[in-house]
Protein chains: 2
Amino acid sequence: MDMNTLPIGVFDSGVGGLTVLQSLKQALPTEDFIYLGDTARLPYGSKSKQTVIQYAHQAAGILDKKVKCLVVACNTASSVALDDLQKSFPNLPIIGVVEPGAQACVNTVQSGKVLVLATESTTRWHAYQQAIASLNTKITVTELPCPLFVALAEEGWTNGVLVEQIAHEVLKDSLNETYGCVVLGCTHFPMLKGVIAKCFNQVPVIDSASVVAAAVKTRLSHEKLLNPKKCQAKIDFIATDSIERFKAMASKFMGIDLSHDQIVLHSDTPSAFKATTR
Amino acid sequence: MDMNTLPIGVFDSGVGGLTVLQSLKQALPTEDFIYLGDTARLPYGSKSKQTVIQYAHQAAGILDKKVKCLVVACNTASSVALDDLQKSFPNLPIIGVVEPGAQACVNTVQSGKVLVLATESTTRWHAYQQAIASLNTKITVTELPCPLFVALAEEGWTNGVLVEQIAHEVLKDSLNETYGCVVLGCTHFPMLKGVIAKCFNQVPVIDSASVVAAAVKTRLSHEKLLNPKKCQAKIDFIATDSIERFKAMASKFMGIDLSHDQIVLHSDTPSAFKATTR
């Protein structure tokens, strides 16, 4: 089997990882992709670490052997399950979203304060704080939970005066501080990058989706796994529930119209998957 | 055992049912309550009917024998699991949120158009449309999904100019129609009743939390189950996960500050509960 022509696997608890897929598609236009959204069991953020590790294992098990590398395009799963996945699937290159975001942060700022915008669970687990501290101890990380941004992204409210006013209100306590950069630590937030950047004026905003895409490209190149073909790439979608909602979100997050048969409903999976799958 | 002095059980997938509990507390100030929030497995809206029925059964099983009646303060569980619960627990009076809301609607409007605001899942299952049609076929029901209102309620964004602008934008396509009444078909939405009512000007807004409380009072009175005591009532809380978040929401939804030991983390439950409980 020629590994180079295998697709890249992208896994998320739901639809947020579609922003990462979109950036991957732009950075690697001749690669094929399989996107797995565990829509039956979202959100992962309110689950225990043990449960998230179990779900991530099942997802990796579904994609293993079918893909040449796996992108964990979910901040919660990246925060708690990445080490475990890498140990359990030693032959599969696995890349999370937290480390590339942290790396981009320390490439941008040498010392002082940075702000990470994320969901409640990611801020509660301090994943970015730890990842940035392991690279540079002179940086002080403030993590701000912005759950409303998830709802705005899923509603397609991503620009305009009203959305700017909402973002300003969410971020108001941070706007008087001086940050070296702002890290978007949730895969939904690249949808609101323009609005967030406007609030912070000249401060660089690190879009985790595009830095992850760059990290994947570097890794594949390093491992000589890039696809040499020149033809149009293909994306397969797998969702564990709610195909209709997934279609609507794919349209909002990636600007693509999926027909029903382009998404496979995955229910032939371990019992924990079946438990919440129609 | 004196049934009258037993508490009233209130069950929801998470925190939305706290608005119903708040209305129950006001309508029945001398009653005790046990509130069960299945925070480990929310949201129910994205689950299959079969799964929601299973979860509702487990919740009713936990509260059965400990309570004199059960209020299913969750639109999703009321929509799909109520008949089944009533058959499985024939000795326990069980009251959902959809029927009282539908009844209040037909008491307000004799014919013409009404608007139901709800979550995506409740609108997808047409629970209010069916319940209202079973009472009055001259009423045409439009169901509008407003997922952003859930996020606003949970963030405590419930009034002020910005929230009014957001509500106006969410509802804009409905504001040119002539509705006889607006039904709040999600337990989160009573938090935004003032803002929603302002958008619709003179149109009556039916707050499902308070009509459910009235229905429970009538039912208990009819079955001679009201508590005759005059002392201060007690509320116990059970959550299946995320105690900290539950506390924060209780403060937002009910204006009460819960100490940590007032909430019991319920993990000694059937396997399906355990699966996602820390």
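Sequence lines set the chain letters: A, B, ... in the order given, protein chains first and strands last, and positions in each chain run from 1. Hydrogens, waters and symmetry mates play no part in the numbers below; they use all other heavy atoms, side chains included.
- K198(A) NZ: 12 or fewer foreign heavy atoms inside a 6.0 Å radius.
- E155(A) meets the salt bridge (Lys or Arg N to Asp or Glu O under 4.0 Å) test with no other residue; sequence neighbours excluded.
- Considering CG of L162(B) and NE2 of H168(A), their distance stands at 11.5 Å, rounded to 0.5 Å.
- Evaluation of the side chain to side chain donor-acceptor pair (under 3.5 Å) rule for K87(B) yields no partner, not counting sequence neighbours.
- When heavy atoms are compared at a cutoff of 4.5 Å, E120(A) approaches chain B solely by way of its side chain, counted from C-beta outward.
- Across A151(B) and L148(A), no two heavy atoms sit closer than the pair CB-CD1, 3.5 Å.
- Using a 4.5 Å cut-off between heavy atoms, V170(A) touches chain B through backbone and side chain atoms alike.
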